[in-house]
There are 2 protein chains.
Amino acid sequence: MDARHILSIRMAGEIVISASPAKTIKKWRNVFGVSQGDLASRLGVSPSVISDYESGRRKSPGSELVRKFVAALIDVDVSRGSQIVRGYERLLDGGAMTGAVIDMREFAFPISAEEVCNIVEGTPIANESLLKKDIYGYTALDSPRAILELSSDEFLRIYGLTSERALIFTRVSCGRSPFVAIRVSPIKPGLVILHGLKEVDPLGIMIAEKEKIPVILSGIEGDEALIKALRNNMN
Amino acid sequence: MDARHILSIRMAGEIVISASPAKTIKKWRNVFGVSQGDLASRLGVSPSVISDYESGRRKSPGSELVRKFVAALIDVDVSRGSQIVRGYERLLDGGAMTGAVIDMREFAFPISAEEVCNIVEGTPIANESLLKKDIYGYTALDSPRAILELSSDEFLRIYGLTSERALIFTRVSCGRSPFVAIRVSPIKPGLVILHGLKEVDPLGIMIAEKEKIPVILSGIEGDEALIKALRNNMN
DNA sequence: ACTCCCTTTCGACTATTGACGAACAACATG
DNA sequence: CATGTTGTTCGTCAATAGTCGAAAGGGAGT
């Protein structure tokens with residue numbers, strides 16, 4: 001399976017190139033939803049071995065360890081129906097995203113919604129207590145175009161490998177449409193960032209509270225400055 | 001530079017996932033056109049260290065070594081004007097290739113043109129003495145569509161990271177047009193494979209001989225069988 | 001409060017990596 | 001034939017990786 005091989009290379013590359021291989025190893029295990037015990041069984045080692053790696057006890061894991069680790073995660077996914085691999089295949093097959101997607105990144109390792117809030121100079125306006133959660137990447141959208149252009153298939157693709165990401169709506173007018181779209185979608189993002197307005201529609205806030213999605217209002221002036229701030233803080 | 005980071009991940013991933021990290025490390029050094037001595041200087045180690053890795057003395061290079069290795073190659077490229085990084089950027093930015101490109105792969109490590117010839121059940125018809133050279137990947141084209149559709153920019157992109165690849169022309173009628181196209185292009189492929197005909201135009205053979213490009217006539221029946229044979233022999 | 005699951009920490013041990021430097025081989029050039 | 005460049009092999013040693021297993025912590029469920 002081609003997507004499987006390409007995903008392997010992507011995962012291994014991210015781990016090796018990461019400023020913190022330990023954190024990136026843990027990120028991928030969490031993306032695949034596998035416990036340390038399950039993974040250890042599949043690799044034929046003790047659970048403490050996995051924990052040692054993810055905690056950074058070994059600073060420079062060997063290539064063979066990384067290769068085995070990646071292969072084991074993908075094997076688990078395949079045994080569960082290839083959900084992650086298929087999701088990645090959709091990302092590959094779709095070619096360039098529409099212009100509605102301004103930017104889209106996966107983090108080498110997750111950062112908290114709180115840190116994301118700091119990066120975008122944001123003000124929490126919904127579910128502030130949930131800002132400790134981990135965010136794995138972001139997708140920035142041009143809201144008017146997104147509403148007009150995104151097909152249901154493309155809407156799935158903006159979630160990349162995991163929905164635990166920041167969905168950033170730029171050029172927002174009153175802040176209701178984004179939440180309506182999220183409300184009717186089966187998949188919910190880990191965090192919503194609104195940009196381009198000062199006051200948010202109360203109904204939008206109610207939807208977010210109900211869906212338990214933290215929402216931030218970014219204070220950075222201009223789309224490009226927002227994207228720049230995010231890119232400069234890539235780990 | 002974004003393409004730089006993505007290329008880093010790609011290279012590191014290929015090395016780690018490869019069935020032979022040693023050979024893939026050497027492939028990438030050759031793709032970047034850097035000597036072992038130059039690379040050693042840049043890494044602050046002795047040349048024999050590089051040779052030890054490429055010869056397979058160390059079976060499982062550590063992540064840090066791979067990261068440093070990749071970074072050093074890209075630094076060399078940047079100091080020379082970012083030719084490789086820019087080439088990769090063009091690959092990324094172009095989105096999906098036109099339908100003229102049936103398939104396109106880079107090998108984890110190069111194989112000889114002779115091995116490629118065996119894989120496609122080929123008969124050498126030009127420059128047979130050059131079949132010992134290393135081939136780093138392949139691009140399979142639908143010839144009639146390629147002639148009609150490929151812009152000069154897209155023509156460059158079919159070479160991927162290196163031109164030392166097999167350019168495969170399928171649905172060829174008499175075998176002259178492909179060589180005329182190659183003749184006028186500034187970049188020459190490492191190997192040409194013709195498919196879909198029994199006799200090749202003598203002028204085409206003359207052009208290939210003149211350009212010192214080995215040419216093979218594939219004996220596999222059918223485009224799909226040809227691509228399948230190539231994919232099944234990916235290293 | 002107890003049990004179970006998941007994860008972390010760390011001492012200890014063996015195997016391998018990372019690296020140097022010497023000796024050598026192959027090829028191109030003058 | 002001598003010299004320079006590029007690359008290979010290998011003995012050697014210090015440092016680190018790979019791993020086990022014991023002990024322990026935190027959270028959820030009963």
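Residues satisfying the side-chain hydrogen bond (donor to acceptor under 3.5 Å, both in side chains) test with B/Thr162, not counting sequence neighbours, are none. Contacts of A/Asp77 classified as side-chain contact (heavy atoms from CB on, under 4.5 Å), with partners at least two apart in sequence or in another chain: A/Phe32, A/Ser82, A/Gln83, A/Ile84, A/Val85. Here B/Ile50 pairs with B/Arg29, B/Gln36, B/Leu39, B/Ala40, B/Leu43, B/Val45, B/Glu54 under the side-chain contact (heavy atoms from CB on, under 4.5 Å) rule; sequence neighbours left out. Residues forming a side-chain contact (heavy atoms from CB on, under 4.5 Å) with B/Ser48 (at least two apart in sequence, or on another chain): B/Ser46. Every side-chain contact (heavy atoms from CB on, under 4.5 Å) that A/Arg105 has, sequence neighbours left out, goes to A/Asp103, A/Tyr138, A/Arg231, A/Met234, B/Asp2. Here B/Arg57 pairs with B/Asp52 under the side-chain hydrogen bond (donor to acceptor under 3.5 Å, both in side chains) rule; sequence neighbours left out.
Summary of helix geometry: the two end axes of the helix from C/dA1-D/dT30 to C/dG30-D/dC1, each defined by five base pairs via their C1' atoms, are inclined to each other by 40° (rounded to 10°).
In summary, contact between chain A and DNA chain C, defined as any nucleotide atom under 4.0 Å from a heavy atom of the protein, begins and ends at C/dT7 to C/dA12 in the 5' to 3' direction.
Of the residues in residues 51-58 of chain A, those with a non-hydrogen atom less than 4.0 angstrom from any atom of DNA chain D are A/Asp52, A/Tyr53, A/Arg57, A/Arg58. Within residues 39-47 of chain A, no residue has any heavy atom closer than 4.0 Å to DNA chain C.
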Please set out all donor-acceptor pairs under 3.5 angstrom arising from side-chain atoms of residues 178-190 of chain B, sequence neighbours excluded.
unit_1: B/Arg183; atom_1: NH1; unit_2: B/Glu211; atom_2: OE2; d: 3.0
unit_1: B/Ser185; atom_1: OG; unit_2: B/Ile187; atom_2: N; d: 3.3
unit_1: B/Ser185; atom_1: OG; unit_2: B/Ile187; atom_2: O; d: 3.2
unit_1: B/Lys188; atom_1: NZ; unit_2: B/Ile182; atom_2: O; d: 2.8
unit_1: B/Lys188; atom_1: NZ; unit_2: B/Arg183; atom_2: O; d: 3.1
unit_1: B/Lys188; atom_1: NZ; unit_2: B/Ser185; atom_2: O; d: 2.7

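Each side chain to side chain donor-acceptor pair (under 3.5 Å) pair with one or both residues in residues 108-130 of chain B, not counting sequence neighbours, would appear here, but there are none.
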